[in-house]
There are 2 protein chains.
Amino acid sequence: MKNPIADLNKIFDSRIRLGVMSVLVVNDEIGFNDLKQMLELTDGNLASHLNTLEQADFIKVHKGFIGRKTSTTYSITALGKQAFKAHLDALEKMIRKL
Amino acid sequence: MKNPIADLNKIFDSRIRLGVMSVLVVNDEIGFNDLKQMLELTDGNLASHLNTLEQADFIKVHKGFIGRKTSTTYSITALGKQAFKAHLDALEKMIRKL
DNA sequence: TAAAAGTGCTTTGTTTTCCAAAGTTAAATA
DNA sequence: TATTTAACTTTGGAAAACAAAGCACTTTTA
């Protein structure tokens with residue numbers, strides 16, 4: 001029998017990063033505070049996970065304004081989409097036996 | 001929007017424990033060494049993850065013999081099945097939006 | 001206009017988790 | 001009797017996660 005976990009992406013072992021990606025797959029853009037509230041995280045914790053995803057080129061940051069307020073939003077990259085899909089495929093393969 | 005990761009089970013954040021469970025769902029019993037080879041782990045590492053799963057009452061240990069050789073096998077418990085299924089349901093719900 | 005509050009971080013320090021390597025015990029085989 | 005195998009336990013170090021505090025900047029409020 002083949003190693004069932006070999007194809008899982010280590011970046012997505014984290015529930016938080018998994019959550020961020022799952023949100024970004026269906027939302028073109030999402031703001032820092034929306035994510036923070038949705039995932040119930042402290043700023044520091046969220047920022048560090050976002051940083052990990054950005055380092056991997058899985059998400060992109062956009063700094064802009066809403067009216068006159070600063071606003072940072074995040075979106076998924078093509079690479080991110082691909083990696084996330086591959087991870088889900090690996091997960092599914094692992095449990096499709098059910 | 002609701003927190004998409006709140007229903008994930010922390011025990012299954014670990015790819016290894018996830019792998020063990022996915023194997024045990026389809027195999028009534030599996031031996032320590034089979035698991036070790038399948039998941040490509042050191043004994044200590046595997047033993048500690050198995051211990052975590054046993055503490056949670058998600059798996060059961062059977063110590064016996066094959067012929068005159070000692071043999072330890074593991075099986076999933078009812079609680080384990082239930083918890084694993086709940087985790088998969090949470091995962092699916094999180095990504096069904098796709 | 002001074003104080004308060006919000007945004008989005010970075011830094012700091014602690015706790016938790018992970019993991020390999022070595023040590024252990026008991027039985028089996030050479 | 002020496003070595004090997006099975007299944008751990010212990011040890012120790014590295015990595016990851018996380019909360020809390022600090023910070024720079026802007027905007028709103030009193």
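So that the names make sense, note that chain A is the first sequence line, chain B the second, and so on, each numbered from 1. In this text the structure is predicted, and so the values were computed from the model without any measurement.
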Touch class at under 4.0 angstrom, heavy-atom based, for B:Asn33 against every strand present: sugar-phosphate

Whole-Å distance separating the CD atom of A:Glu54 from the C1' atom of C:dG8: 13 Å

Sugar-phosphate, base or nothing in reach of B:Arg17, heavy atoms under 4.0 Å: sugar-phosphate

Atom pair OG/CG of B:Ser71 and B:Asn33 - distance to nearest 0.5 Å: 9.5 Å

B:Tyr74 side-chain N/O to D:dC8 phosphate OP1/OP2 under 4.0 Å: yes

Out of D:dA7, C:dG8, C:dC18, whichever nucleotide has its closest atom nearest the side chain of B:Lys63: D:dA7

Comparing A:Lys10 and A:Thr72 on DNA chain C - which has the more 5′ nearest nucleotide: A:Thr72

Polar side-chain contact B:Asp43-D:dC8 base: donor and acceptor under 3.5 Å: yes

Inter-residue atom distance B:Leu50.CG - B:Leu24.CG, 0.5 Å rounding: 8.5 Å

side-chain N/O A:Asn45 vs D:dA17 OP1/OP2, d < 4.0 Å: no

Test salt bridge (Lys or Arg N to Asp or Glu O under 4.0 Å) applied to B:Lys85 and B:Asp89, step by step: CA-CA 6 Å; B:Lys85 183 177 182 317; B:Asp89 286 349; 2.9 Å; yes

Phosphate contact (C:dT7 OP1 or OP2) by A:Thr70 side-chain N/O below 4.0 Å: no

Touch class at under 4.0 angstrom, heavy-atom based, for B:Lys36 against every strand present: nothing

Nucleotide D:dC8, atom C1' - distance to CG of B:Leu50 in whole Å: 11 Å

Interatomic distance where CG belongs to A:Asp13 and P belongs to D:dA16 [whole Å]: 11 Å

Length of the CG-C1' vector between A:Asn51 and D:dC18, whole Å: 15 Å

Protein-nucleotide distance (B:Glu40, atom CD; C:dA20, atom P), rounded to Å: 11 Å

Sugar-phosphate only, base, or nothing, as touched by A:Ser48 at under 4.0 Å among non-hydrogen atoms: nothing

Near-ring test A:Phe58/A:Phe84, centroid separation under 6.0 angstrom: no

Touch class at under 4.0 angstrom, heavy-atom based, for B:Ile16 against every strand present: sugar-phosphate

Spacing between A:Ile11 atom CD1 and D:dA16 atom P, to the nearest angstrom: 10 Å

Phosphate contact (C:dC19 OP1 or OP2) by B:His49 side-chain N/O below 4.0 Å: yes

Straight-line distance of B:Leu46 CG to B:Tyr74 OH, nearest 0.5 Å: 7.0 Å

Nearest-Å distance for atom pair CG/P, residues A:Leu46 and C:dG8: 10 Å

For atom CG of B:Leu39 and atom P of D:dA7, their distance in whole Å: 15 Å

